[in-house]
Amino acid sequence: MTSVRTRFAPSPTGYLHLGGLRTALFTYLYARKHGGKFILRIEDTDQEREVPGAVQLIYDSLRAAGLEYDEGPDVGGDYGPYIQTQRKDTYLPYAMQLVESGHAYPCFCTREELEERRAAAAARGETFKYDKHCLGIPRQEALRRMQSGEPYVIRQNIPAEGIASFDDLLFGHIEAECSTLDDNVLIKQDGLPTYNFANVIDDHLMGITHVTRGTEYLSSAPKYNLLYEAFGWTPPVYIHLPVVMKDATRKLSKRYGDPSFEDLLSMGYLRDAIINFIALLGWSPGNDREFFSKEELIEAFDEKGLNKSPAIFNMDKLTWFNAEYIRRLSPEEYLELATPWFDRALGGRGIDYCRLAELMQGRTEVFNRVPDMVRFLAEMPGYENELYVNKKQKSTLESSLDALKFMLPVLEEVKPWQETALHDTVMQAIAEAGRKNGPVLWPLRIAISGQASTPGGAIEIAYLLGREETLARIRAAIERLTAALQTA
RNA sequence: GGCCCCGUGGUCAAGCGGUUAAGACAUCGCCCUUUCACGGCGGUAACAGGGGUUCGAGUCCCCUCGGGGUCACCA
C-alpha cells in the first residue's frame, strides 16, 4: 500500500485566487486525511505569462492559509526540483521515448502556417484539428532536421480511432472519442514542455497518487491517460473539482474586482473563517454542521461529500462566518486584532481601547468596517436633528432639549468619570425625577454621538468620550436644539 | 458550433425509490433592549420542463431547456 501523495500545482501568474485556494485546501485535506504528503509544484513553463513575484506570493498565501506543504521549492524534498523550468532537461528524453514508440512525433509546421490553416478552418465553420502533416516525414529525416537546428515541436500522436478514457473519483468514468482529440504539442519550440506533457511526467516522477485540479481539465484528461498508457505507467486517481463562481454565469475573477485570498485577509476577514467557508463551498460533511477548525476539517473530510456542480461564492455568508469567528475570539485576541483598526480612526485620542473592544467585539463583522463605526468618538459627526425624534422612545425635539438640560448638571457632578458611577448617578437621577429611561437616554446618546447606531448606549459612550468631551457635546447640542426650536 | 460536465428555495446545501423535502446565509415579522448588534421565536421561499421505468421518483432512463468547461507552441 503506497501512501498518498497529492500536489497543488499553480502557475505563477498572479495572486492566489479563491478558486485556487479551495483546490489547494481540498488537495491538502485529502493528503492529511489519509496521512499522506502534500506537495507544492510551480508550473511555470509558460515564461511569457509568468508574473514577477508571483511565486513568492504563492508561498506566502499558502502559509497564511495554514496549508503547510511537505515538499516544495522552498522547503525541499526528495523529488525536486519543484519548479518546472528547473526540470527543463528531464522532459525531452521522455518525449523522444514516445517518438521512438510512435506515440509522438516531431512537427516542423510554423506558427504562421498553423494560424493560416486554423483561420481557414474557422472560415469554413469547422473546428481546427492538426492534420498530422508532419507524421508523414520519415523518422530518419525528421531526426536529421531536428539535429540540424531546425525549429520543431513534438506532438502527441493520438490514434485515429478508438476511445480514450479515465476514471474520476467524483465524475466517474469519462470517455472521449479519439477522433475528436487533437495532436497537442508536448514539447514547445523553446524546449519547455506544455502543461499537457509536464503534468503527466512530473506527477509520475514525483510519485503523485491523487491528482486534484479544476474541472477545466476534465475534457483533456483522457489524452493524458493515453500518455500514461504509452509509457506503461499507472495513472493517478483523479479528482476534478468544480469551479467557484461569482454568479450563475461568471467565474470568480480578479478582473471583475472579486477579492483574492490576500485581499480578504487585508480587509479583516479571519483566516480560519475564510478556510471554513471555502471548505463548505462544494463540499458538505453530510450533516448540518457548519463550524470546523482545520484539524476538524481533516478529520471530517471525505471526497464523498464533494459536489459536482459549480458553487457561487456568497460574500454575505463569508461575512457571517467571519462575525461568528470574531465573537469566538478571546477579549485579548480581539483587542489585539482590532487595535490597528481603532488606530485608523482614533489614533492618539487616548480612548480606552479595552472597553471599546468589549463593546465592539459582538458588533464586528469585518475589521475594515471598524474605523467607520468608532470614528464618532474622535470627532463629532454632522447629523440631522431628526435623529432626536424617536416615537418608541417618546422623544421629540422639545423633550430632547428638556432631557439634555436635565442631564447636563447631573453629569457635571459625576465623580469619578467611571462607567459604574455614570450609570448609577444617571439612573438614580432619572428615577428620582420620575422620568423614563428612553426619553432621556435616547437624546443623550444622539447628542454625544450624532448617530442612530453606536457601539454601546449613552452611558458607555459618555465614558469612552471622557468628561470634558461629553459635557462639551451636550452643551453644543443644547445650543443647537434651542436654536432649532426658536426658528420653528 | 463539436465534444465533455452539471441542474433541490436568491445563495450554500442534506437527501442516495416511500420524508410534512433538513439545516445555514440572506430576507420579512415579533420578542428582548437606553440605539444598533447579539440572542430567542416565527414567516416567505426549491426538486428546470416533458416523457418513460416502478405499486411508488428530487432520487433510475430518455429528450428538451438552462448553465459551465474545452477545442493554443496557456495552464
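Per chain, numbering begins at 1; letters A, B, ... match sequence-line order. Every heavy atom of this structure was used, including side-chain atoms; hydrogens, water molecules and symmetry mates were not.
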Worksheet item: For A:Ser453 and B:A37, is the shortest distance between a side-chain N/O and OP1 or OP2 below 4.0 Å?
Response: no

Discussion item. For B:C73 and A:Thr194 - does any side-chain N or O of the residue sit under 4.0 Å from the phosphate oxygens OP1/OP2?
Written reply: no

Discussion item. Using OP1 and OP2 only, check whether a side-chain N or O of A:Gln451 sits under 4.0 Å from B:C36.
Written reply: no

Worksheet, complete the sentence: 5'-most contact on RNA chain B (nearest-nucleotide basis), A:Ile312 vs A:Lys308, goes to A:Lys308

Discussion item. Any base atoms under 4.0 Å from A:Gly456, or only sugar-phosphate, or nothing? Heavy atoms, all strands.
Written reply: base

Discussion item. For B:U20, give the paired nucleotide (Watson-Crick: N1-N3 plus N6-O4 or O6-N4; G-U: N1-O2 and O6-N3; both under 3.5 Å), or none.
Written reply: none

Response to the item:
Across every strand shown, the nucleotide meeting Watson-Crick or G-U wobble geometry with B:G39 (both distances under 3.5 Å) is B:C31

Discussion item. Please determine whether any donor N or O and acceptor N or O are separated by less than 3.5 Å between the side chain of A:Thr454 and the base of B:U35.
Written reply: yes

Worksheet item: Side chain of A:Thr45: nearest nucleotide among B:C73, B:C4, B:A75?
Response: B:A75

Discussion item. For the CH2 atom of A:Trp283 and the NZ atom of A:Lys304, what is their distance to the nearest 0.5 Å?
Written reply: 13.0 Å

Discussion item. Can you say whether a donor on the side chain of A:Arg445 sits under 3.5 Å from an acceptor on the base of B:U34, or the other way round?
Written reply: no

Worksheet item: Is A:Arg289 touching bases, backbone alone, or none of the nucleic acid, heavy atoms closer than 4.0 Å?
Response: nothing

Item to complete: Mind calculating the distance between CD1 (A:Ile274) and P (B:C12) to the nearest angstrom?
Response: 19 Å

Worksheet item: Hey, mind stepping through A:Ile154 and A:Val185 against side-chain contact (heavy atoms from CB on, under 4.5 Å) and telling me if it holds?
Response: CA-CA 6 Å; A:Ile154 293 179; A:Val185 169; over 6 Å; no

Discussion item. Rounded to whole Å, please give me the gap between CD1 in A:Ile326 and P in B:A37.
Written reply: 17 Å

Worksheet item: Does the B:G7 base have a donor-acceptor partner in the side chain of A:Ser309 within less than 3.5 Å?
Response: no

Worksheet item: Is A:Ala458 touching bases, backbone alone, or none of the nucleic acid, heavy atoms closer than 4.0 Å?
Response: base

Discussion item. OP1 or OP2 of B:A75 versus the side-chain N and O atoms of A:Lys188: is any pair under 4.0 Å?
Written reply: yes

Discussion item. Could you report the tightest heavy-atom contact between A:Ala357 and A:Leu335, atom names first, then the distance?
Written reply: CB-CD1, 3.8 Å

Response to the item:
Scanning all shown strands, the Watson-Crick or wobble mate of B:G7 with both distances under 3.5 Å is B:C65

Worksheet item: Roughly how far apart, to the nearest Å, are B:A48 and B:G68 at atom C1'?
Response: 16 Å

Practice prompt. To the nearest Å, give me how far apart CD (A:Glu175) and P (B:G2) are.
Written response: 20 Å

Worksheet item: Among the nucleotides B:C73, B:U34, B:A37, which one has an atom lying closest to any side-chain atom of A:Val185?
Response: B:C73

Item to complete: For residues A:Phe367 and A:Tyr334, establish whether the separation of their ring centroids is below 6.0 Å.
Response: yes

Discussion item. When the P atoms of B:C25 and B:G40 are compared, how many Å lie between them, rounded to an integer?
Written reply: 10 Å

Item to complete: Please figure out whether A:Tyr217 or A:Ala176 has its closest RNA chain B nucleotide nearer the 5' end.
Response: A:Ala176

Worksheet, complete the sentence: With B for base contact, S for sugar-phosphate-only contact and - for none (protein heavy atoms under 4.0 Å), nucleotides 20-29 of chain B reads --BSBSS---

Response to the item:
A:Arg7 and A:Thr27 have their tightest heavy-atom pair at O-CG2, 3.2 Å

Worksheet item: Does B:A13 have a Watson-Crick or wobble partner in any strand here, with both distances under 3.5 angstrom, and which is it?
Response: none

Worksheet item: When you compare B:C12 with B:G42, how far apart are their C1' atoms, in angstrom units rounded to a whole number?
Response: 23 Å

Discussion item. In whole Å, measure the gap between the C1' atoms of B:U44 and B:U33 for me.
Written reply: 27 Å

Practice prompt. Starting from C1' on B:C6, measure out to CG on A:Leu306 and report it in whole angstrom.
Written response: 14 Å

Practice prompt. Could you measure between the two C1' atoms, the one in B:C16 and the one in B:U11, and give it in whole Å?
Written response: 23 Å

Worksheet item: Quick one: are A:Phe8 and A:Leu62 in side-chain contact, heavy atoms under 4.5 Å?
Response: yes

Practice prompt. Counting Watson-Crick and G-U wobble pairs only, both distances under 3.5 Å, name the nucleotide matched with B:G2, or none.
Written response: B:U70

Worksheet entry | Distance between P atoms of B:C74 and B:C61 (Å, rounded) | 40 Å

Item to complete: Look at all strands and tell whether A:Glu115 reaches a base, only sugar-phosphate, or nothing, counting heavy atoms closer than 4.0 Å.
Response: nothing

Worksheet item: What about A:Lys223: does its side chain form a donor-acceptor pair under 3.5 Å with the base of B:U70?
Response: no

Practice prompt. Show the numbers, then the answer: is there a side-chain contact (heavy atoms from CB on, under 4.5 Å) between A:Leu16 and A:Ile58?
Written response: CA-CA 6 Å; A:Leu16 180 63; A:Ile58 290 168; 5.6 Å; no

Discussion item. For B:A14 and A:Asn307 - does any side-chain N or O of the residue sit under 4.0 Å from the phosphate oxygens OP1/OP2?
Written reply: yes

Discussion item. Main chain of A:Pro81, side chain of A:Arg87: is a donor-acceptor contact present, judged purely on distance under 3.5 Å?
Written reply: yes

Worksheet, complete the sentence: Among the nucleotides B:U35, B:G69, B:C38, whichever has the atom closest to the side chain of A:Gln393 is B:U35

Worksheet item: To the nearest Å, how far apart are A:Phe406 CZ and B:U34 P?
Response: 16 Å

Practice prompt. Could you please name the option among B:C73, B:U34, B:C12 that lies closest to any side-chain atom of A:Arg155?
Written response: B:C73

Fill in: B:C47 and B:U54, which share atom name P, separated by this distance in whole Å
26 Å

Worksheet item: Mind checking the P distance from B:U64 to B:G43? Whole angstroms is fine.
Response: 42 Å

Worksheet item: So A:Phe291 and A:Tyr325, would you call those rings parallel, tilted or perpendicular, with 30° and 60° as cut-offs?
Response: tilted

Discussion item. Only pairs with both distances under 3.5 Å count, Watson-Crick or wobble alike; so what is the partner of B:A57 in this structure?
Written reply: none

Discussion item. Using the rule ring-ring contact (aromatic ring centres under 6.0 Å, His included), only one of A:Tyr217, A:Phe171, A:Phe26, A:Phe166 pairs with A:His240; which is it?
Written reply: A:Phe166

